[in-house]
Amino acid sequence: MSSTNTPQAARPSATRPVLIVVCLALATVVSAVASLNVAIPSIARQTHATQTQLSWVIDAYALVFAALLLPAGALGDRYGRRRTMLAGLTVFGAASALAMTVTDPTWLIALRSVLGLGAALVMPATLSTITATFPAQQKARAVGTWAGVAGASAILGLLASGVVLDLWSWRAVFALNVVLAVIAIVGTLRIIPESADPQAPKVDLVGALITVAGLGVLVYSIIEAPTHGWLDARTLVGIAAGLVILAAFVRWELTRTNPLLDPRLFANRAFSAGTLSITLQFFAFFGFIFLVLQYLQLVRGDSPLIAAVSLLPMPLAMMPCARSIAPRLAARAGRRRVCVLGLVLISCGLLVLSRLDQGTSYWLLAAGLVPLGAGMGLAMTPATAAITDALPASQQGVGSAVNDLARELGGALGIAVLGSIMQSGYQSHFHPSGLPRPVADQARSSVGLATHLSTTVADQARHAFADGMQTALIAAAILTALTALAVAGLLKGSRAKASGMAGAAGQNAANISIP
């Protein structure tokens, strides 16, 4: 791929500011996937949002983000990555500023969708800027740093949100978005060089529209399932329609000379294994985060900051495994065993966490967070390497886009599916008595509202929420275990040595410092 303004032999001191700015832009949009989770109880109380609306407040961002990643990346390649990044950061910051003024959950959902549009423009442009502007001898270290920031930003976003929530309200989370976006815009204008590929093919607008429609219908139907019932005709028809639209996308892409995503890539077993593993890892991760932060605040009564700090055992276990343990194990035992081991540890952690209830000690939570974090750290690096190593150098951009898409789509579906399972369990276990019908209906639709009613009703709601969460986490554990079996089968017979990008990513992750 040709590019403009590409330094031929830039010194590390010259490229370091570029790396800092693109990582700041990346952290700004990635942290927003999870950062609002810690504010969900506050949003529920102040906007009177139902549990379904709360799922959409979180998922609207992740869904639009995931659906637009491929076309947004193509736009950056063709028309300029710096220009695309600036446009995305501007949209992201402006939508965050508007979100601070709303009081209605429907408007909040709409603005989170706009935030997802901005994020989709930013994220592919950050990695493309690195690959287009960094010389070969610096590129591996820069990509490793990018990967480390992408993995750590969600947890850092939770901690930062917990701090600002203690000082203000849920609106502070959006204020933090505005500040980060403004700083990133200034840095981009001053430091980031423009790069583009004028020969890049035109964006497949039809394919992009089909993708957005298919994912939108599918995830909407899953999120709304607890309201209508999983076996209701509207739910079944919606899920079937989403799958049919996505099948139409596959058929359309097979006819294109320059598709957004060539479905034939999935005939490569290593590519499919890596994509499946990344999708399910973030399915479990973001679904768990969505549930556990509500559990900590609504069931245990923790403050937003304490809730965020309570999750620290997870990144403390994740980072060492991702930085050094996973590459070393992969070099000795092979990528297949390390990836499967990571998925098994994730499943074990979720099973431990499924025992959480209203009276659980914090130590049980920590006992589940450690294997969950360690499993994520072990599974991420070999899964990403399986995707990128399966493709030739000319298709590394496709590999990066698929990795990002799998991550964001997995997170969106995890929040939707696990949130729906939890809500179904909550409603089936929560039967408040002695309340007016409208109040009882509201309490059954939102645990955040139920916990502010009488002591008896609040206690019943907390127990019902814990029951629903337990069911959701058991389902996630089973699904992750099945994924481990599938990945083991797909990678069977593949030597998958820890070389190339796997080794580079792991080695460079050891030297990551989060800007």
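Between the Q470 side chain and the L356 main chain, a donor and an acceptor come within less than 3.5 Å of each other. With hydrogens and angles disregarded, a donor-acceptor distance shorter than 3.5 Å links the side chain of R171 to the backbone of V102. R462 contributes a side-chain N or O that, together with a main-chain N or O of L298, makes up a donor-acceptor pair within less than 3.5 Å. With hydrogens and angles ignored, the 3.5 Å screen pairs no side-chain donor or acceptor of S347 with any backbone N or O of V344. Within the 3.5 Å criterion, the main-chain N or O of F266 finds a donor-acceptor partner in the side chain of S272. Side-chain N or O atoms of Q297 include one that pairs as donor or acceptor with a backbone N or O of L293 at under 3.5 Å. Checked by atom type and distance alone, the side chain of R112 never pairs as donor or acceptor with a backbone atom of Y61 at under 3.5 Å. Judged by distance alone, the side chain of T275 and the main-chain N or O of F271 form a donor-acceptor pair under 3.5 Å. Judged by distance alone, the side chain of Y362 and the main-chain N or O of S310 form a donor-acceptor pair under 3.5 Å.
Considering only heavy atoms from C-beta on, Y295 comes within 4.5 Å of T360 through its side chain. Taking the side chain as every heavy atom from C-beta outward, M469 and F288 never approach each other to under 4.5 Å.
Looking only at atom types and distance, the side chain of D232 has no donor-acceptor partner in the side chain of T235 under 3.5 Å away.
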